[in-house]
Student: 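Got a structure here, written out as structure tokens. Questions coming.
Numbered from 1 within each chain, the chains take letters A, B, ... in sequence-line order.
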There are 4 protein chains.
Amino acid sequence: MDPAINPRKKPKQERARATYEAILEAAARILVRGGLDALNTNRVAEVAGVSIGTLYQYFPTKQAILTEIIREKRKLLLDDLRVASDNMKNETFDETLDKLLSAAIAHQLRWPKLARILEFAEAFLPLEAETNELNLAIHDVVADFLTHAGHPEPDQNARDLVSALRGLIDAAGLAGETDSAALFTRVKKLATGFLAHDQ
Amino acid sequence: MDPAINPRKKPKQERARATYEAILEAAARILVRGGLDALNTNRVAEVAGVSIGTLYQYFPTKQAILTEIIREKRKLLLDDLRVASDNMKNETFDETLDKLLSAAIAHQLRWPKLARILEFAEAFLPLEAETNELNLAIHDVVADFLTHAGHPEPDQNARDLVSALRGLIDAAGLAGETDSAALFTRVKKLATGFLAHDQ
Amino acid sequence: MDPAINPRKKPKQERARATYEAILEAAARILVRGGLDALNTNRVAEVAGVSIGTLYQYFPTKQAILTEIIREKRKLLLDDLRVASDNMKNETFDETLDKLLSAAIAHQLRWPKLARILEFAEAFLPLEAETNELNLAIHDVVADFLTHAGHPEPDQNARDLVSALRGLIDAAGLAGETDSAALFTRVKKLATGFLAHDQ
Amino acid sequence: MDPAINPRKKPKQERARATYEAILEAAARILVRGGLDALNTNRVAEVAGVSIGTLYQYFPTKQAILTEIIREKRKLLLDDLRVASDNMKNETFDETLDKLLSAAIAHQLRWPKLARILEFAEAFLPLEAETNELNLAIHDVVADFLTHAGHPEPDQNARDLVSALRGLIDAAGLAGETDSAALFTRVKKLATGFLAHDQ
DNA sequence: AATGAATGAGATTTCATTCAT
DNA sequence: AATGAATGAAATCTCATTCAT
């Protein structure tokens with residue numbers, strides 16, 4: 001484990017856990033308001049209401065904070081997607097697809113700006129194996145779904161579908177759209193159009 | 001004109017023009033190699049082979065350099081798309097579509113990392129009206145194409161199609177793909193699938 | 001509070017207080033030795049024996065340092081003048097006047113060059129309301145004295161008297177005079193001559 | 001003659017003279033608008049409408065420009081004072097005094113801010129012998145006047161009177177006063193009060 | 001465990017001055 | 001004589017990180 005991008009210690013006590021979360025939350029809030037440029041450790045500590053020394057008790061570097069936020073968000077998405085596809089054996093293709101798309105939309109529209117920043121950071125950060133595994137797991141959920149639906153080339157198609165959807169949903173989020181129902185319609189159109197092609 | 005993100009002066013003499021271009025090229029190269037974090041004015045001047053003072057004769061801030069690169073690239077893409085759709089009245093839908101997609105792919109695969117960085121930067125930079133107009137013009141080319149093809153809701157669909165395509169092509173570029181023919185097939189599939197839905 | 005000319009934070013701990021004062025003292029010393037041109041943050045930090053980073057913990061800009069010095073000196077003068085005129089009800093006109101003039105002379109001759117520089121800087125700095133209030137308070141002390149002495153138009157005369165005295169004492173200080181007794185004689189002559197006119 | 005603060009060459013031709021004056025005028029205007037800090041050679045050249053290269057044809061350094069402005073203004077004042085005291089042998093004390101005071105007031109109120117800046121710069125600049133001679137000549141005019149009036153210690157008193165008057169008129173100018181008649185009354189009061197003391 | 005004062009490398013930017021054309 | 005492109009030393013300021021208390 002690269003010590004430079006991993007938390008120094010996971011909090012054990014109650015108070016420590018609160019501090020730890022406060023730091024991550026502060027960093028997220030700063031990212032949303034001011035973008036990557038505005039993220040600096042002093043400010044994070046200040047917004048979190050802890051001293052800079054305390055911050056460094058938990059995170060050895062600034063990157064570690066960013067990485068941890070990415071990990072958290074990725075984990076949330078993975079969990080939601082797993083829940084969404086949990087029961088695909090007993091559902092129609094469309095039922096599961098809808099749940100997957102809804103999960104993705106909900107995830108992105110929650111903090112559109114943050115999501116966009118994290119995606120960018122992810123692409124240029126030296127990510128930990130563990131975080132990459134999360135991304136792989138996400139891909140697997142979609143690939144599994146396509147496989148189960150009898151789709152050809154599930155790997156490639158899963159990758160492309162996810163990329164395209166991400167592009168669409170990202171743009172909508174950044175443009176300030178909040179009507180997830182309206183967005184869902186267009187997202188569904190994109191997904192089914194793309195997948196229908198191979199039938 | 002916000003003085004913070006616009007060139008201080010356009011070069012008049014021959015020598016100055018070369019310097020100006022060298023700076024932009026150096027900045028682009030640095031972005032490709034090291035990402036946004038690696039971009040600093042000292043390094044740009046060094047790579048461009050000019051003094052830091054010279055750099056600041058032309059660009060008042062680092063952001064101005066970034067903005068100018070975005071403007072240039074956007075303009076290139078717009079021009080290519082316009083050429084691609086120039087003759088749509090005498091062509092089939094598919095002929096023009098193929099040319100548009102090819103242009104987009106070529107544009108993105110040329111400098112995938114740079115393209116991604118510029119898109120990100122664009123989303124967080126206070127862009128000039130003029131640069132925003134370029135983006136609007138790009139959208140218009142696609143919307144015009146859809147209109148001409150008798151497609152419903154050309155505006156919304158142009159926006160969505162562009163976003164989705166961008167997501168797909170970006171990801172391919174970042175993943176290191178260089179086979180534009182192979183990518184074209186998948187991109188075409190996405191586009192036609194999405195558009196077919198409305199027919 | 002204009003963030004550009006006010007201290008970033010007042011020191012809380014003992015060590016910090018010492019640092020804060022060291023910075024102001026260093027700046028003052030530099031001004032005395034080399035004038036406004038010699039004042040730069042690197043040199044101030046160096047002379048103060050702290051790192052440049054530490055300096056910026058307390059003062060966000062160079063101007064903030066200058067402003068704070070002005071504030072301190074103005075406050076000292078105001079306090080001295082107040083003490084000097086404290087007991088005017090029980091003193092003769094001349095007794096109080098002498099004390100006021102002595103205070104002014106002492107103040108100016110202590111650091112003649114610094115005093116001159118600060119006055120100049122003051123005239124071109126966007127001073128805070130608070131600092132302007134100090135100047136007003138100084139004026140009020142003199143105006144009150146004139147009022148108490150039954151002098152006509154105490155406001156205008158206080159202003160003019162202070163300006164003229166300042167001109168005389170400044171010049172003496174800059175010329176290198178150190179004999180405050182000799183200076184006092186001439187200053188007194190100026191003051192009484194000016195005030196006698198209205199009797 | 002220190003080459004660093006003297007004009008490189010006095011203009012001979014008509015066009016050159018215009019350029020030379022334009023540079024000095026531009027510098028003066030910049031000083032009035034932005035103070036000493038705003039004065040930089042590139043800006044002076046720009047405002048003067050000449051290239052930076054041309055500016056350096058006439059002035060070897062920035063200081064040379066400032067010095068020349070001071071020289072010009074001092075010379076103007078000296079001339080005016082000489083004219084004012086020209087005929088003192090045939091005039092009453094008061095007549096000549098009034099003319100001298102009026103000249104000083106007119107001089108200062110013309111560009112109060114500029115006058116203040118130049119005085120400050122003068123005090124901290126390594127002035128040329130020639131410029132110092134101008135100052136001495138000014139002092140001599142006043143001292144001669146006092147001598148002629150039979151005043152004791154004309155040197156010391158001339159110095160003090162000039163300093164005090166300068167303080168008063170400066171402050172008035174900086175405060176935005178433009179009514180020279182009103183100012184004259186107060187200035188006269190100061191002068192006569194001061195001088196009466198010795199009778 | 002927490003604090004916050006302190007550090008200093010390094011980034012941005014200015015501007016007096018030179019020099020090739 | 002004039003131009004203006006180019007220089008680079010030096011100034012301002014930031015921020016990730018350390019460490020004494």
Side-chain angles (χ1 to χ4, degrees), chain A residues 9 11-13 15-16 19 37-46 50-65, chain B residues 4 8-9 11-20 37 39-45 49-63, chain C residues 4 8-9 11-20 37 39-45 49-64, chain D residues 4 9 11-13 15-16 19 37-46 50-65:
Chain A
K9 59 181 174 190
K12 291 173 189 172
Q13 298 175 8
R15 180 161 61 131
T19 300
D37 284 355
L39 189 74
N40 70 65
T41 51
N42 287 298
R43 207 151 140 48
V44 170
E46 184 193 331
V50 301
S51 72
I52 184 66
T54 297
L55 182 150
Y56 273 89
Q57 299 268 344
Y58 293 100
F59 300 92
T61 66
K62 179 175 146 177
Q63 295 259 351
I65 300 175
Chain B
R8 231 193 260 273
K9 63 178 178 189
K12 291 172 191 174
Q13 297 183 5
E14 192 47 43
R15 182 162 61 132
R17 157 141 245 94
T19 298
Y20 185 88
D37 283 355
L39 189 75
N40 68 63
T41 52
N42 284 325
R43 213 150 136 44
V44 170
V50 301
S51 72
I52 185 67
T54 295
L55 183 152
Y56 275 93
Q57 292 261 352
Y58 298 100
F59 300 94
T61 64
K62 186 170 109 170
Q63 308 236 331
Chain C
R8 231 194 261 274
K9 62 177 177 189
K12 293 172 191 174
Q13 297 182 5
E14 192 48 43
R15 181 162 61 132
R17 157 141 243 94
T19 299
Y20 185 88
D37 283 355
L39 189 74
N40 68 64
T41 52
N42 284 324
R43 213 150 136 45
V44 171
V50 300
S51 73
I52 185 66
T54 295
L55 183 151
Y56 275 93
Q57 293 261 352
Y58 297 100
F59 301 94
T61 65
K62 186 170 108 168
Q63 308 236 332
Chain D
K9 58 182 174 189
K12 293 171 188 175
Q13 299 177 6
R15 181 162 59 132
T19 300
D37 284 355
L39 188 75
N40 70 65
T41 52
N42 287 296
R43 206 151 142 46
V44 170
E46 184 193 330
V50 302
S51 72
I52 183 67
T54 296
L55 182 150
Y56 273 90
Q57 299 267 343
Y58 294 100
F59 300 92
T61 65
K62 178 177 147 177
Q63 295 259 353
I65 301 175

Student: Taking only N and O in the side chain of C/Ser51, is any of them less than 4.0 Å away from OP1 or OP2 of E/dT7?
Tutor: yes
Student: What is the distance from CD of A/Gln63 to P of F/dC15, rounded to the nearest Å?
Tutor: 16 Å
Student: Of D/Val50 and A/Arg43, whose nearest nucleotide on DNA chain F comes first from the 5' end?
Tutor: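 Nearest nucleotide further toward 5': that of D/Val50.
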Student: On DNA chain F, compare the nucleotides closest to C/Arg15 and B/Lys9; which residue's is nearer the 5' end?
Tutor: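 Nearest-nucleotide comparison on DNA chain F picks B/Lys9.
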Student: Can you tell me how far OG of D/Ser51 sits from CD of D/Gln57, rounded to the nearest 0.5 angstrom?
Tutor: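 Taking CD in D/Gln57 and OG in D/Ser51, the distance rounds to 8.0 Å.
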Student: Just checking C/Leu55: base, sugar-phosphate only, or nothing, at a heavy-atom cut-off of under 4.0 Å?
Tutor: nothing
Student: Can you tell if the side chain of D/Leu55 reaches within under 4.5 Å of the side chain of D/Ile65, non-hydrogen atoms only?
Tutor: yes
Student: What is the nucleic acid contact for B/Arg8, judged by heavy atoms within less than 4.0 Å: base, sugar-phosphate only, or nothing?
Tutor: sugar-phosphate
Student: Between D/Thr54 and F/dA1, is there a contact of a side-chain N or O with OP1 or OP2 at under 4.0 Å?
Tutor: no
Student: Walk me through it: do B/Thr41 and B/Phe59 pass the test side chain to side chain contact (heavy atoms under 4.5 Å, CB included)?
Tutor: CA-CA 10 Å; B/Thr41 52; B/Phe59 300 94; over 6 Å; no
Student: When all nucleic acid strands are considered with a 4.0 Å heavy-atom cut-off, which category describes A/Ile65: base, sugar-phosphate, or nothing?
Tutor: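 Answer is nothing: A/Ile65 stays at 4.0 Å or more from every strand.
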Student: Compare side-chain N and O positions of A/Tyr56 against OP1 and OP2 of F/dT17 and report whether any pair is under 4.0 Å apart.
Tutor: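 Checking F/dT17 against A/Tyr56, a side-chain N or O does come within under 4.0 Å of OP1 or OP2.
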Student: Where the side chain of D/Gln57 is concerned, which of F/dA2, E/dA6, E/dT12 is the nearest nucleotide?
Tutor: F/dA2
Student: Mind checking salt bridge (Lys or Arg N to Asp or Glu O under 4.0 Å) for B/Arg8 and listing every partner two or more places apart, or none if nothing turns up?
Tutor: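 Once residues adjacent in sequence are excluded, B/Arg8 has no partner under the salt bridge (Lys or Arg N to Asp or Glu O under 4.0 Å) criterion.
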Student: Please figure out whether C/Ile52 or B/Gly53 has its closest DNA chain E nucleotide nearer the 5' end.
Tutor: C/Ile52
Student: Check this one for me: any side-chain N or O of A/Tyr58 less than 4.0 Å away from OP1 or OP2 of E/dA2?
Tutor: yes
Student: Between B/Leu39 and B/Lys62, what is the shortest heavy-atom contact and its length?
Tutor: O-NZ, 3.1 Å
Student: Is any side-chain nitrogen or oxygen of B/Thr41 closer than 4.0 Å to OP1 or OP2 of E/dA11?
Tutor: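 So the side-chain polar atoms of B/Thr41 never come under 4.0 Å of the phosphate oxygens OP1 or OP2 of E/dA11.
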Student: Please report the distance, rounded to the nearest Å, between CZ in B/Phe59 and P in E/dA11.
Tutor: 20 Å
Student: Roughly, in whole Å, what's the span from NZ in D/Lys62 to C1' in E/dC15?
Tutor: 8 Å
Student: Return the value, rounded to whole Å, for the distance between atom OH of C/Tyr20 and atom P of E/dG4.
Tutor: 18 Å
Student: Starting at the 5' end of DNA chain F, what dot-bracket string do you get if Watson-Crick and G-U pairs under 3.5 Å are bracketed, crossing pairs use [ ], other-strand pairs use | and unpaired bases use dots?
Tutor: .||||||||||||||||||||
Student: Looking at A/Thr61, does any N or O in its side chain come under 4.0 Å of the phosphate oxygens OP1/OP2 on F/dA16?
Tutor: no
Student: Could you work out which one of F/dC15, F/dT12, E/dA16 sits closest to the side chain of D/Asn42?
Tutor: E/dA16
Student: To the nearest Å, give me how far apart CG (C/Asp37) and P (F/dA9) are.
Tutor: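 Rounded to whole Å, this separation is 20 Å.
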Student: Report which part of the nucleic acid B/Asn40 touches: base, sugar-phosphate, or nothing (heavy-atom distance under 4.0 Å, all strands).
Tutor: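 Since only primed, P, OP1 and OP2 atoms lie under 4.0 Å of B/Asn40, the category is sugar-phosphate.
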Student: What closest approach, in Å, do C/Tyr58 and C/Thr19 show between heavy atoms, and which atom pair accounts for it?
Tutor: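 That would be CE1-CG2, 4.0 Å.
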